[in-house]
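Taking it in order: structure first as structure tokens, then the write-up.
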Amino acid sequence: MTDYPTQRILLAEDDDAMRVYLERALVNAGYAVDAVDRGTDALPLLESGGYELLLSDIVMPEMDGIELAQRCNELSPRTKVMFITGFAAVTLKASREQPNAKVLSKPFHLRDLVMEVERVLEDRVSMQL
């Protein structure tokens, strides 16, 4: 982990068990995490700003992760986006719609998730320098 102040992650995942599992892993890795179960609940948090990363499932009720990422680009353009999904076809759509977003396919090991999050956030920091 870097020596930067605690980095904030907004996690949007509709599966309760997966959300708790991911949140715990990211907190244990040293991140500050706010977790919501749908994209519509993430919007007010994004409006308040201050997130380095939006980590979102793609398939969710009310608002899918791709639409959430598009809104994130408008509301908080400095926030990086990373998707998690278990659907290969959805991965292709996400890559087309959000070409700068990292897509991590389920199932994955928590170690891989943390490594990808670190990589995405390191890229964000180096872009700011």
Side-chain angles (χ1 to χ4, degrees):
M1 185 83 193
T2 58
D3 292 331
Y4 301 103
T6 301
Q7 294 172 308
R8 295 182 64 214
I9 297 173
L10 177 55
L11 171 63
E13 167 63 64
D14 62 319
D15 180 275
D16 293 339
M18 179 64 79
R19 187 176 59 255
V20 169
Y21 187 63
L22 298 175
E23 181 179 12
R24 186 174 302 138
L26 293 167
V27 167
N28 288 342
Y31 297 102
V33 180
D34 290 324
V36 296
D37 66 352
R38 62 193 70 233
T40 52
D41 287 349
L43 292 177
L45 297 172
L46 284 170
E47 287 174 349
S48 69
Y51 292 99
E52 281 75 29
L53 177 67
L54 167 64
L55 177 59
S56 178
D57 190 5
I58 296 176
V59 179
M60 294 186 292
E62 295 180 18
M63 173 185 288
D64 69 21
I66 295 171
E67 184 180 351
L68 176 58
Q70 292 167 338
R71 294 295 308 276
C72 177
N73 293 341
E74 297 165 8
L75 297 170
S76 183
R78 295 176 64 124
T79 301
K80 296 289 247 176
V81 175
M82 184 172 162
F83 293 120
I84 48 178
T85 187
F87 300 95
V90 175
T91 300
L92 296 174
K93 181 181 179 193
S95 296
R96 277 195 314 272
E97 299 284 331
Q98 293 286 315
N100 294 327
K102 172 72 181 162
V103 181
L104 190 62
S105 295
K106 295 175 188 174
F108 50 80
H109 192 281
L110 287 178
R111 178 180 57 242
D112 297 330
L113 171 72
V114 171
M115 283 181 2
E116 288 300 328
V117 166
E118 286 176 359
R119 193 171 295 134
V120 167
L121 292 175
E122 284 173 7
D123 288 347
R124 181 183 185 276
V125 170
S126 63
M127 287 175 55
Q128 291 176 347
L129 298 177

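Sequential numbering from 1 along the given sequence is applied to the chain's residues.
- The two residues V114 and A29 make their nearest non-hydrogen contact at CG1-CB, 3.8 Å.
- Between G65 and F83, the shortest heavy-atom contact is O-CE2, 3.3 Å.
- Judged by distance alone, the side chains of Y51 and D34 do bring a donor and an acceptor atom under 3.5 Å apart.
- Between D41 and D37 the shortest heavy-atom distance is OD2-OD1, 3.3 Å.
- Residue E13 comes nearest to R19 through the heavy atom pair O-NH1, 2.8 Å, listed as atom of the first residue, atom of the second, then distance.
- Heavy atoms only, all atoms of each residue included: A35 and E23 are closest at CB-OE1, 3.7 Å.
- Under the 4.5 Å side-chain criterion, counting only non-hydrogen atoms from C-beta, L46 is in contact with L68.
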Decide side chain to side chain contact (heavy atoms under 4.5 Å, CB included) for D15 and D57; before the verdict, give the C-alpha distance in whole Å, the side-chain angles of both, and the deciding distance to 0.1 Å.
-> CA-CA 9 Å; D15 180 275; D57 190 5; 5.8 Å; no
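- When side chains are defined from C-beta on, L26 counts as touching L55, because their heavy atoms get closer than 4.5 Å.
- Rounding to the nearest 0.5 angstrom, the gap separating the NZ atom in K80 from the CG atom in N73 is 10.5 Å.
- Here the rule is side chain to side chain donor-acceptor pair (under 3.5 Å) with T40, and of E67, E62, R71 only E62 fits it.
- The local environment of CZ in F108 is crowded, with over 12 non-hydrogen atoms from other residues, nucleotides or ligands closer than 6.0 Å.
- With contacts defined as side-chain heavy-atom distances shorter than 4.5 Å, the pair V117/Q7 does not qualify.
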